[in-house]
Structures are given as C-alpha cells and as structure tokens.
Protein chains: 2
Amino acid sequence: MALDNPTTQAAVTTADKVFEQMLHAIVDGTIKAGSKISEPELAKNYQISRSTLREALNRLEKCHLIERKANVGSRVVECSIAGLLEIYVVREALEGMACRQAAINMTDDEILEMKAMLKQHASAKALRDGISYYQEEGDLDFHYKVILGSHNQQLINILCGQLYHLVRMYRCQFGMNSPRVTKAFDEHSRIIEAISDRDGELAEILMRRHIAASRKNIENKIAQQQ
Amino acid sequence: MALDNPTTQAAVTTADKVFEQMLHAIVDGTIKAGSKISEPELAKNYQISRSTLREALNRLEKCHLIERKANVGSRVVECSIAGLLEIYVVREALEGMACRQAAINMTDDEILEMKAMLKQHASAKALRDGISYYQEEGDLDFHYKVILGSHNQQLINILCGQLYHLVRMYRCQFGMNSPRVTKAFDEHSRIIEAISDRDGELAEILMRRHIAASRKNIENKIAQQQ
DNA sequence: CAAAGCCTTATTGTCGACAATTTATTATTA
DNA sequence: TAATAATAAATTGTCGACAATAAGGCTTTG
C-alpha cells in the first residue's frame, strides 16, 4: 500500500499492532487531536494490559503524535496552522538536502524506478483529473522515494519515521485537496530531471521551492479565510 | 551547566533519572558503542525493575542512542565515520534553516544575549588557547542558542532533543579537539552579525558553510589517516 | 566430519497488582 | 459567597511473575 511506511518493519508484537491501529486512528482523527489519552480506558478498548499500551504510546511519542507529561498523562498533539507551517519549514530544509543527496547517491535503477512511477502518476492523473486523494498518495510516494534515495539513514529516520506521520495527520484533518496538483506534478518532473542529471545543487533548490510553494499556498488560503 | 539540554525538563520520575545516567554513560563511552544491552543486568545495576528500565530505554531510543529489535533486544548505536558524516549532512540542512529562522524570529534581547555570550567565549578563548574542551562546550552553547532562537518547536525538538546527544557522543568518543577553534570562532561572529542584521538568507548560507567546513575538516583527517 | 534438528537456557514481551502522585470533590473558614 | 484546606477518587509510575520467543549447546544423522 502506498502510504505504508518504508522504515517500519512488519508489526510482530501486540504493542506494534496497537501502535499501528492508534497511528491510523490519530491520523484520520478517530482519536481527536488535542484529546487526553486515558490509559485504563484505551487498554480496555484494545483488550491489552496497560504495560503493552504504554509501549505503544512510547512509539506514538517517538513520532511526535502524542505528548507526555510526567505524572499527568498523554495528549494527542494539536493541529494548528502555526504547527503546520513549522513542519513545512523543517521539510523544506530536510527534503531539500535529501534531494541533493539523492542526486549524488541514487543508483541508476532507482532513478529509472522514479521515472516509471512518475509516468504512472501522469496517466492516473489524466484519468481522474482534479480528484486529489490518489494524487496525494502519489505525492507522498514521490517524496518518500526521494528521501529513500538520499541513502542517508538519519534523513530517512527523521522524515519517514517521524515527520511524515504528522504530515499525513495534517492532510487528513485539514482536508487538503489542493489545486496545486497539476503544478506539483510538473515540479516533480523537473526535480527528477535534476536528480537524473546528477545535479545536486539544482535538485535541492527545486525541492525547496516545491515545498515552499506548498507552504505559501497554505498561507494564502489562510489569509483569504480571514 | 552548559551541556544540559534545554528541551528536557527536570527529571522527576526514576525512569527519567536512569535515562539521564545512561545517557551520560553512553555519550562518554562507559556503556560501549555497539554493545548489547541486557535488561536484567542493567535493571540489577541500577536497582530498578525491568519495566522502569524499559521506560528509560524508550527515551534513549527516542534520541537514537540505542536501537531495538522485537524479541531480540537493544544495542547501543555504533560510531562510524559514515554515521558521523550523515549527521553533518542533517545538521547542515537543519541548522542552516534554524539560523535563517533565528534571523527572522529572534528577539532583540536574545540577540544581545548571544553577542554577550560570544564576547565571553572570546575572553575564555584568549585565556586558554588551544585547549578545546571548554571551547567545545562554547561551540555547543552557540549552536543551541541559534536553534532555540528559531522559535520553531519542530527544529528545536529534532536538533536539541535528539540529534545533539549523538553529536556529543561522537565528540566524546572520537575525541575531537579540532584545530578549527579559532576559525570557528570567527565564523560564529559573522553568523551572529547576519542574524543581527535580520539577513536570514545570509545567516543560513554562513551556518551551512560553517558546518560544511567542519565536515570537510573531518573528511580530510580521515583521508590523511588512510 | 559436517550439517541439520532438537532441547535447554536465557532474554524479551505481556500481565495484574500495588505505590505514589495528581485531580476532583467536599468541608471549612474568612 | 469566595477562597482555602482537607479528603476521596482516579490516574500514572513501579514492581515482580509468567508466557512467548530467540540464542546456544547437544545429539543425531548423512
């Protein structure tokens, strides 16, 4: 499945399974943003012990999806405009660098794969233009592939392991089917081109612009609403 | 104390205290890099239950200081040249952006504080030139202040909360008293100047060069040794 | 003798209960 | 009545024990 996280290995332990269930629930808002987490209640719901639940909570905390205070408890993070913009700033820096590294470190096979993926997205886009949900998945696919292509384990961990869960949460809860799909698609093409040319400097610049454009798009939307 | 982490609140629970003890032990190599962690053994050493120890281990995992495999156990991370260079790449991207944001978001008071700190470092440096341990602390102080000055919670969490423990670990275990102290000091000055001028673009460029210079310095050292 | 399979041992994952702390409620007092 | 103090309830932190899984040593077999 497109949105599965390439850094997480298959869930073997029950804590892992509960973690994944809660992950989805938090991302899609079933467990509401900002809500308090009651350990006894959730443990009963999932029919597990509190120890196991706490293990799952620790994994969620690693993704910055919940926050814990000693002797007080856990809360799901809030989704605020300010928080969203903060994430964009981090993404601009990190994915820009990931893109530069990808231009250096990607294998030729990986580049071919990316081109194929983009071609597939192109036809899917032609098919159902405007409907953006699949495009959103495609967008994440693209960004994942670039990040993985950096071959930098730290970058991969931070971006795919933690930050992207938050990104998905915001996309779900703020319902972003942006009108940028077509433009974003072109930008993706040029980025792949730069990577293919092994031009790390250009690749970084293009990726940073690509993400900054998304951020500005959001900022404009907000400005309009007010 | 200079090296204390500004993002971590005072340790109240015993798991917190054990976490801090293990943190120091791992950073300075008392608990060897790459070594396996035996839960029963450590629990006995610290005279706590395994549950509490596991809580501490989870915090260490959040800092990427240990790695866990399901049903197998935890290991302290290895310190490799490749791993160190990976961190520099991430720092170049993130601290560069943090510096840009600091130029935008720092208060005038914070900027004054940074200037004062630098002046203090200058006198301390004149006093004991060449001895770099204190300078290392000063260096971390400087970088911390810039990161905090970004006023971006995500940046602060990633850099101060996780990555900097690893940075300190590498510094301790690879024993880096680089001959770059003087040069680094000048670079710090120029960065603060750019921030003071509210020139985010320049501030980012200077910080990226500053970190890239450190990375290249290491790469050269390695190249010489071989 | 080497390799595969089984068994023993040790380690990790999970559970339920108790202790410590916080939060909510009630009672008291100015 | 409002604010404070004391008390009760609930929640989190910690503990020790059991179950499930993996690692190491042993036997067996080709």
Side-chain angles (χ1 to χ4, degrees), chain A residues 5 7-26 31-78 161, chain B residues 5 7-26 31-78 161:
Chain A
N5 193 315
T7 62
T8 55
Q9 56 204 3
V12 286
T13 179
T14 63
D16 280 321
K17 289 170 198 162
V18 172
F19 161 71
E20 289 195 354
Q21 290 183 51
M22 291 190 70
L23 176 66
H24 285 115
I26 289 176
I31 299 178
K32 289 198 190 72
S35 66
K36 174 138 190 354
I37 286 183
S38 162
E39 292 185 3
E41 186 187 328
L42 276 181
K44 210 182 76 184
N45 280 4
Y46 288 106
Q47 304 202 341
I48 55 177
S49 75
R50 262 184 63 226
S51 321
T52 307
L53 178 75
R54 280 161 73 86
E55 191 68 39
L57 292 183
N58 271 316
R59 293 203 182 49
L60 290 171
E61 198 187 1
K62 264 188 15 178
C63 306
H64 298 162
L65 288 175
I66 70 172
E67 288 167 347
R68 277 173 78 187
K69 272 187 207 166
N71 288 316
V72 174
S74 315
R75 302 197 83 91
V76 181
V77 294
E78 294 273 8
Chain B
N5 193 316
T7 61
T8 54
Q9 56 204 4
V12 287
T13 179
T14 63
D16 280 322
K17 290 170 197 161
V18 173
F19 160 71
E20 289 195 354
Q21 290 182 52
M22 291 189 70
L23 177 66
H24 285 114
I26 290 176
I31 300 178
K32 290 199 190 73
S35 66
K36 173 137 189 353
I37 287 184
S38 161
E39 292 184 5
E41 186 186 327
L42 276 180
K44 210 181 76 183
N45 280 4
Y46 289 105
Q47 306 203 339
I48 55 176
S49 75
R50 262 185 63 227
S51 320
T52 307
L53 178 77
R54 280 162 72 86
E55 191 68 40
L57 292 183
N58 271 317
R59 294 204 184 42
L60 290 171
E61 198 186 4
K62 265 189 16 178
C63 307
H64 298 161
L65 288 175
I66 69 172
E67 288 167 347
R68 276 173 77 185
K69 271 188 210 166
N71 287 318
V72 174
S74 314
R75 303 196 82 92
V76 180
V77 293
E78 294 273 7

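Values reported hereafter were calculated over all heavy atoms of this structure, with side chains retained and with hydrogens, waters and symmetry mates removed. Order of the sequence lines sets the chain letters (A, B, ...), proteins ahead of strands, with each chain counted from 1.
Here dG16(D) presents its C1' atom at 10 Å from CZ of Arg50(B), a figure rounded to the nearest Å. Counting to the nearest Å, the P atom of dT14(D) and the CZ atom of Phe19(B) are 14 Å from each other.
Sorted by first and then second residue, the pairs that involve residues 41-50 of chain A and meet salt bridge (Lys or Arg N to Asp or Glu O under 4.0 Å), not counting sequence neighbours, are Glu39(A)-Arg50(A).
Side-chain atoms of Val77(A) and His64(A), non-hydrogen and from C-beta on, never get closer than 4.5 Å to each other. Contact annotation: the side chain of Asn58(A) never approaches that of Glu61(B) to less than 4.5 Å [non-hydrogen atoms, C-beta and beyond]. Residues Met22(A) and Leu42(A) meet the side-chain proximity criterion, which asks for heavy atoms closer than 4.5 Å. With contacts defined as side-chain heavy-atom distances shorter than 4.5 Å, the pair Arg54(B)/Arg68(B) qualifies.
Residues from residues 51-67 of chain B that place a heavy atom under 4.0 Å from any atom of DNA chain C, listed by number: Arg54(B). Using a 4.0 Å cutoff on non-hydrogen atoms, the parts of residues 32-46 of chain A near DNA chain D are Lys36(A), Ile37(A), Glu39(A), Pro40(A), ordered by number.
In this structure Glu78(A) satisfies the side chain to side chain contact (heavy atoms under 4.5 Å, CB included) test with no other residue, sequence neighbours excluded. Taking the side chain to side chain contact (heavy atoms under 4.5 Å, CB included) definition, one finds that Ser51(A) meets it with Ser49(A), sequence neighbours left out. Checked against side chain to side chain contact (heavy atoms under 4.5 Å, CB included), Arg75(A) has the following partners two or more places apart in sequence or in another chain: Lys36(A). Under the side chain to side chain contact (heavy atoms under 4.5 Å, CB included) criterion, Ala15(A) pairs with Thr13(A), Thr52(A), Glu55(A), Arg59(A), not counting sequence neighbours.
Here the CG-CG distance, from Leu23(A) to Asp16(A), works out to 11.5 Å after rounding to the nearest 0.5 Å.
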| field | Per-nucleotide protein contact string for nucleotides 19-24 of chain D, where B marks a base within reach and S marks sugar-phosphate only (heavy atoms under 4.0 Å, - for neither) | value | --SS--
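One finds a side-chain N or O of Thr13(A) lying less than 4.0 angstrom from the OP1 or OP2 phosphate oxygen of dT14(C).
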